[in-house]
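I'd like to ask some things about the structure below.
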Amino acid sequence: MLPVLCGLGLVSYAATMSQLPSHGNDDRVFLIHADELFYDQWKNNNAQVLRGSVQFLHKGAYLYCDSANFFQQANSFEAWGNVRMVQGDTLSLTSDYGYYDGDKMLVEAKSFTPGQTVVLRNRQSTLYTDTLYYDRIAKMGYYDDYGRLEDQNTVLTSDHGEYHTDTKDAFFNDDVRMVDKDFVLTTDILEYNTRTTLAHIVGPSDIVSGKSRIYSEMGYYNTTTKKADLLNRSRVSNDGRNLTGDSLHYDGMTGQSEAFRQVELRDETNKNLIFCEYGFYNDSTGYSMCTDSALVVDYSQRDSLFMHADTIKVFTYNIRTDSVYRVLHAYNKVRAYRIDIQGVCDSLVYNSKDSCMSMYHDPIVWNENQQLLGEQIDVFMRDSVVDRAHVINQALSVQELPEPDVYNQIASKEMFAFFRDGEIHEAQAVDNVLVVYYPIDDADSSYVGMVNMETSLLKIFLKERKMERIWAPKSNGTMYPMSQIPPAKRYLENFYWFDYVRPLSRDDVFEWRPKRPGTELKIVKRREPPRRL
């Protein structure tokens, strides 16, 4: 967009060099030199015809060409052939044709030769186009039919654009494309400064760098440092994972992204979504972290699972290989809700390698009228459906019955549950098994009494969520009629029904309700076997 015209600063055909203004500040266009000069008032529209090494001067700018028509009274000229304008040592413009209006200080430069373009050079930036208009007063050049701007590292093309040689600001519209060795930016409107190498995004824009893609409608991107600060619900995507926030910071050198306020981290591959107020993601390592009102939504099944924790972290191993797997850590006040299952614990780990979810520190799981707790609960998945569960140490299973204050109870060192098509079909209690059980009369569905027993192993077989039979080896037990149950035998020693802790809805996962004092599990420290000397 720079002056590409023929001279600026003219001198009449009779002038001598001593007549030129000493500083080139005269309003007139001066002709400095021409090998030949012709003048025919009627034949050439009152123009002086100049040929051979033509040179003009106007207000500090020199213009050179092979031939020209000089309109001295209008203070303007047309130039042809090897047209070149030079202003100081920082600005030059070349073209096939040029028209210069000295009063408006406006240059129009064109190229007619196939494969040749108008070229405007300003320090380390170069602009190429077929037609360029340069306003010397505004220090601004512009084009309306495709142009290309190149600086040290970047090539930028668009259908329309303008470039300011003083501030180094460039404005581009329609089919804008910015390219360097690391990224491609496409948009319909863009502002760019060649001095700071800062691109100002002011409309829907895509930035692609390797497998990473940024979408933004407002923000800044530094083409040198590869850092972006983005607003208006911008998004960073990589390998099926999308990070969105009200504002985003992205570092293309490290692959790290930070998102702030109303953050969403979506994993299209594993069908889950994390909401939070602050999120971090590293696309080179696959590590992500979400905190402040963090909420995980797993929508891989028919019913979505909602889980809240203070902080959620995801670690990726063997990234970009066929053996990639992820480990999710959720800790501090974990609460989860799905229509068919709910759970709470202090911390949770999910490993996609073995599809195992481990719940730690006072974990409790509910399914309809069933409650399960222990020191640790491991849940194993198969094809995103529960396959089996393992309760480790101080295991307690409680089933709430329709009769008020009546519960089936099983306590043991360990428990196992096995599922088929997402429904439990067998449960096992292992080691130091204690049972409180109310058998039902098949005839009238009334309670026969209460069984209190102790055994080393208990197996329960179910069908359609109803107990079919129970098996146990030799055991000690007593059956009490309903009217003769001793109050001390109604509940096991470690019995608690934590209905007040249970999440009741997807929104209720944010309401942390701890166990009442004195009901927390007291971890039993087990002695290690003596080492052999």
Inter-residue atom distance Y337.OH - I339.CD1, 0.5 Å rounding: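 Going from the OH atom of Y337 to the CD1 atom of I339 covers 5.5 Å.
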Atom pair CG/CZ of L50 and F77 - distance to nearest 0.5 Å: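 Here the interatomic distance stands at 9.5 Å.
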Flag side-chain contact, heavy atom, 4.5 Å: R335 against D508: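 Side chain of R335 against side chain of D508, heavy atoms only: contact under 4.5 Å found.
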Six-ring centre of F380, R388 cation under 6.0 angstrom, axis tolerance 45°: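 Yes, a cation-pi geometry holds between R388 and F380.
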Lys/Arg N to Asp/Glu carboxylate O, D27 vs K59, below 4.0 Å: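 A salt bridge is present here (some side-chain N lies under 4.0 Å from a carboxylate O).
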Minimum heavy-atom distance I312-A309, with the two atoms named: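 In terms of heavy atoms, the two residues are closest at CG1-CB, 4.1 Å.
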H164 and F171: CA distance, side-chain angles, deciding distance, ring pair (Phe, Tyr, Trp, His ring centres under 6.0 Å) verdict: CA-CA 9 Å; H164 295 255; F171 303 88; 5.6 Å; yes
T316 OG1 to R326 CZ distance, which is reported to the nearest 0.5 Å: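 These two atoms lie 4.5 Å from each other.
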Student check: side-chain heavy atoms of V236 and Y281 closer than 4.5 Å: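 They are not in contact (no side-chain heavy atoms under 4.5 Å apart), so the answer is no.
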Listed partners of F510 passing ring-ring contact (aromatic ring centres under 6.0 Å, His included), at least two apart: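 With sequence neighbours excluded, F510 shows a ring-ring contact (aromatic ring centres under 6.0 Å, His included) to H308, given in chain and number order.
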Beyond-backbone contact of Q48 with Q72, side-chain heavy atoms, under 4.5 angstrom: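 Contact flag for Q48/Q72 side chains = yes.
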Test: E108 and K110 ion pair at under 4.0 Å: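 Judged by the 4.0 Å cut-off on N to carboxylate O distance, E108 and K110 do form a salt bridge.
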L273 side chain near E264 side chain, heavy-atom distance below 4.5 Å: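 Counting from C-beta outward, L273 and E264 do come under 4.5 Å.
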Taking every non-hydrogen atom, the tightest pair across D182 and S209: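 The answer is O-OG, 2.8 Å.
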